[in-house]
Amino acid sequence: MEKDIYEKIMDLAKRRGYLWSSFEIYGGIAGFVDYGPLGCLLKNNIISKFREIFIVKEGFYEIESPTVTPYEVLKASGHVDNFTDPIVECKNCLESFRADHLIEEFVDVDTERKTLKELEELIRKYNIRCPKCGGELGEVKKFNLMFVTSIGPGGKRTGYMRPETAQGIFIQFKRLAQFFRNKLPFGVVQIGKSYRNEISPRQGVIRLREFTQAEIEYFVHPERKEHEKFDLVKDEIVPLLPADRQMDENLSEEEKIIKMSIGEAVEKGIIRHQIIAYFIALTKRFLENIGIDKDKIRFRQHLPNEMAHYAIDCWDAEIYTERFGWIECVGIADRTDYDLRSHSYHSGVELSIFVEFDEEKEIETYEINLNYKVVGRVFKKDTKVIEEYISNLSEKDKENFVKTLEKDGKVIIKINEKEFEILKDYVEIKKVKKVIKGEKVIPHVIEPSFGIDRITYCLLEHSYREEDDRVYLDLKPSIAPIKAYVLPLVNKEDMPKIAMEIKEMLRDNGIIAEYDDSGAIGRRYMRADEIGVPFCITVDGQTLEDRTVTVRERNTREQIRVRIDDLVDYLKERLKE
RNA sequence: GCGCCGGUGGUGUAGCCUGGUAUCACUCUGGCCUUCCAAGCCAGCAACCCGGGUUCAAAUCCCGGCCGGCGCACCA
């Protein structure tokens with residue numbers, strides 16, 4: 001059977017040093033890959049382009065935090081709870097199921113926030129049996145999608161390998177805000193490894209257990225989701241696949257996609273706000289810039305039920321591949337203030353920023369002070385949370401608080417699912433006039449998150465060309481791992497020596513070049529083509545007379561003569577492409 | 001995690017049914033030749049996924065594992 005393009009690419013990638021399966025001599029482990037010498041160069045070039053666009057041009061800054069993350073952080077972020085699937089196994093046929101899904105299938109109960117024991121009790125109570133064979137179900141166990149480890153001797157502190165790089169940024173919010181001199185908006189980048197213990201990783205590099213993410217956390221004022229450079233991108237036409245169209249069964253797959261400018265998409269409310277739209281445009285630019293086929297990119301909005309626990313809107317950049325169809329390569333999510341609020345609550349550290357008003361205001365406000373003698377006795381340890389809650393009330397909330405208290409004689413406040421009843425004598429309220437210059441704001445976060453491994457694979461696939469008698473990778477010169485092969489036409493006279501000197505000269509000037517004198521010239525061109533080398537420099541008889549060489553272009557196979565003295569400048573110019 | 005199929009040099013394969021350590025081609029390396037797109041000649045490197053069982057003897061038969069493909073499930 002004819003191999004499909006995926007097989008051809010993975011084969012080429014393996015043979016020529018792009019991608020290898022990890023731990024191969026010990027049998028290998030699914031979900032892990034090695035980047036070989038060329039793969040590493042390619043991936044680094046992709047990341048350089050990412051940095052060029054988001055760090056140099058957008059003015060974001062990159063940080064690097066540990067991949068091992070203590071329990072507390074991921075508990076706060078919701079990953080400890082949301083990343084753990086309860087699984088139950090049939091004692092008879094050994095098939096395993098999601099316990100919560102199974103229960104909901106049979107009984108109309110809400111399984112959210114149930115403990116493993118409670119789930120098991122439900123299974124016993126309603127006598128739920130294996131849907132496949134009717135056998136008895138075993139114990140309900142956790143399956144955690146995060147890799148667990150222990151920190152320090154004795155294993156007293158639990159750690160996880162981070163499931164995303166984002167948390168490292170959120171927990172440094174205070175330091176970052178100070179670095180950016182407390183001015184919104186600002187963007188922070190992190191590029192690095194993340195880990196998800198996938199149940200069944202497959203499809204090579206498409207679903208990995210250890211993978212490289214490039215994430216941007218863009219912190220904005222919650223009420224200012226406009227972008228000052230929006231005008232520069234608003235006319236960009238993008239293929240969009242909005243949620244309502246995806247669910248419309250009357251539309252064909254083709255019709256579900258609409259092409260429109262992102263300016264129009266924002267105006268019509270298809271994209272929630274300018275910032276998501278701006279990042280959609282930038283993402284498209286980045287992907288096209290590294291060489292992803294522009295006709296194989298589309299942006300798909302998440303359906304309400306597939307949204308992550310922290311997001312209110314999310315658009316994926318999907319890239320088309322022959323074997324897997326459209327695959328998610330970038331997710332652009334509005335995470336609101338979910339993460340900062342959570343970390344603020346769990347750590348007890350205020351994660352907000354003071355935003356000055358355009359004009360200072362004089363307002364009537366209330367000063368609400370806790371009567372600690374009473375409150376302390378009633379709420380004990382919870383006093384601290386209540387204190388924080390009250391001191392963080394906005395002007396509007398304060399007003400409501402005071403009004404409700406006067407009307408009902410009590411106020412019920414809800415802090416993270418816990419309710420507290422505040423009575424009149426718990427607080428002292430003063431009405432004061434105050435000049436205020438601004439307010440504390442918990443920023444919202446817009447997060448474009450790039451899956452670098454998937455993008456790398458897509459790029460290889462989109463670059464793969466078969467032409468009569470040869471195979472080549474049509475990688476852009478700026479992205480190609482090796483930039484030039486230097487070849488003596490034949491191994492005679494001074495040709496090898498001059499070619500070797502040219503290779504050294506190119507390397508001294510920062511151009512990655514290789515020398516190859518093995519076999520006929522045609523064979524060497526093919527070798528270079530197959531790994532995507534954009535230029536072959538050939539030293540021939542004429543070189544010996546006038547110190548010129550030929551430069552052969554990979555795609556066209558056309559050759560021009562260039563003086564050796566001009567070669568570095570010539571290539572440097574061409575390598576910008 | 002379940003089911004089906006598969007796993008032999010770098011790649012593609014022959015051998016497996018019918019046990020006796022491996023075929024061929026390409027690639028690759030060294031040399032010769034070669035003045036522009038996988039030419040030729042000589043020499044060379046290089047493999048039975050792992051573990052256990054049966055047997056005098058296992059690439060071959062049996063069991064388990066790992067890896068890969070497909071289907072199901074999963075994929076905040």
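Treat the numbers as computed from the prediction; the structure is a model and nothing was measured. A, B, ... follow the sequence lines: proteins, then strands. Residue 1 opens every chain.
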C1' spacing across the pair B:rU55 / B:rC61, given as an integer number of angstrom: 10 Å
How close or far is atom P of B:rC36 from atom CZ of A:R561, stated in whole angstroms? 12 Å
Parallel, tilted or perpendicular: rings of A:F147 and A:Y195 (30°, 60°): perpendicular
For A:E24 and B:rC66, give me the distance from atom CD to atom P, rounded to whole Å. 17 Å
When you compare the side chains of A:T548 and A:D546, does any donor N or O come within less than 3.5 Å of an acceptor on the partner? yes
At under 4.0 Å between heavy atoms, what does A:S518 touch on the DNA or RNA strands: base, sugar-phosphate, or nothing? sugar-phosphate
Using a cut-off of 4.0 Å on non-hydrogen atoms, how would the nucleic acid contact of A:E558 be classed: base, sugar-phosphate, or nothing? nothing
What is the distance from atom CZ of A:R547 to atom CD1 of A:I498, rounded to the nearest 0.5 Å? 6.5 Å
On the 0 to 90° scale, with breaks at 30° and 60°, tag the A:F50-A:F450 ring pair as parallel, tilted or perpendicular. perpendicular
How is A:I29 classified with respect to the nucleic acid when contacts are heavy atoms under 4.0 Å: base, sugar-phosphate, or nothing? sugar-phosphate
Taking atom C1' in both B:rG6 and B:rA39, what distance in whole Å separates the two? 38 Å
If we call it a pair only when both distances are under 3.5 Å in a Watson-Crick or G-U wobble match, what pairs with B:rG71? B:rC2
C1' spacing across the pair B:rA59 / B:rC41, given as an integer number of angstrom: 35 Å
With nearest nucleotide decided by heavy atoms, which residue, A:K14 or A:D516, maps closer to the 5′ end of RNA chain B? A:K14
Over how many whole Å does the gap from A:Y472 atom OH to B:rA38 atom C1' extend? 17 Å
Are the charged groups of A:E72 and A:R157 less than 4.0 angstrom apart, N to O? yes
Looking across every strand, which nucleic acid part, if any, lies under 4.0 Å from A:R557 by heavy atom: base, sugar-phosphate, or nothing? base
Going by the angle between their ring planes, with limits at 30° and 60°, are A:F324 and A:Y6 parallel, tilted or perpendicular? perpendicular
Any N or O donor-acceptor pair under 3.5 Å from the base of B:rC36 to the side chain of A:Y525? yes
Can you measure A:D469 atom CG to B:rA38 atom C1' for me and round it to whole angstrom units? 8 Å
When we call it a touch if two heavy atoms are under 4.0 Å apart, what does A:D11 touch: a base, just sugar-phosphate, or nothing? sugar-phosphate
Short side-chain N/O contact to B:rA39 OP1/OP2 from A:R523, under 4.0 Å: yes
Can a donor-acceptor pair be found between the side chains of A:T456 and A:Y18 at a distance below 3.5 Å? no
From CG of A:L12 across to P of B:rC28 the rounded distance in Å is 13 Å
Report which part of the nucleic acid A:R554 touches: base, sugar-phosphate, or nothing (heavy-atom distance under 4.0 Å, all strands). nothing
Using whole Å, report how far NZ of A:K8 lies from C1' of B:rG68. 19 Å
Below the 4.0 Å mark, does B:rC28 have OP1 or OP2 next to a side-chain nitrogen or oxygen of A:R527? yes
Atom CZ of A:R15 and atom P of B:rG10 are separated, to the nearest Å, by 13 Å
Nucleotide forming a Watson-Crick or wobble pair with B:rU21, both distances under 3.5 Å: none
Does any nucleotide pair with B:rG51 by Watson-Crick or G-U wobble geometry, both distances under 3.5 Å, and what is it? B:rC63
P atoms of B:rG10 and B:rA43, separation to the nearest Å: 23 Å
If you only use heavy atoms from C-beta on, which nucleotide in B:rA39, B:rU35, B:rG69 is closest to the side chain of A:V490? B:rU35
Partner of B:rC36 by Watson-Crick or G-U wobble geometry, both contacts under 3.5 Å, or none? none
Contact class for A:Q542 (heavy atom, under 4.0 Å): base, sugar-phosphate, or nothing? nothing
Considering just the side-chain nitrogens and oxygens of A:K492, establish if one lies under 4.0 Å of OP1 or OP2 belonging to B:rU34. yes
Heavy atoms under 4.0 Å, any strand shown: does A:G28 hit a base, just sugar-phosphate, or nothing? sugar-phosphate
When both hydrogen-bonding distances must be under 3.5 Å and the geometry is Watson-Crick or G-U wobble, what is B:rC16 paired with, if anything? none
C1' spacing across the pair B:rU11 / B:rG65, given as an integer number of angstrom: 27 Å
If you take atom types as modelled and just measure distance, does the side chain of A:Q559 reach the base of B:rC36 with a donor-acceptor pair under 3.5 Å? yes
What does A:L489 touch in the nucleic acid at a heavy-atom separation under 4.0 angstrom: a base, only the sugar-phosphate, or nothing? base
Taking the nucleotide of RNA chain B with the closest heavy atom to each, which residue, A:N491 or A:E530, is nearer the 5' end? A:N491
Distance between the P atoms of B:rC72 and B:rA14, in whole angstroms? 30 Å
Please report the distance separating the P of B:rG9 from the corresponding atom of B:rU23, rounded so that it comes out in whole Å. 14 Å
Nucleotide paired to B:rC28 in any strand shown, Watson-Crick or G-U, under 3.5 Å: B:rG44
Taking atom P in both B:rA58 and B:rC50, compute the distance separating them and give it to the nearest angstrom. 14 Å
Whole angstrom value for the distance that separates P of B:rC67 from CZ of A:R207: 15 Å
Indicate whether any N or O donor in one side chain lies under 3.5 Å from an N or O acceptor in the other, for A:K225 and A:H444. yes
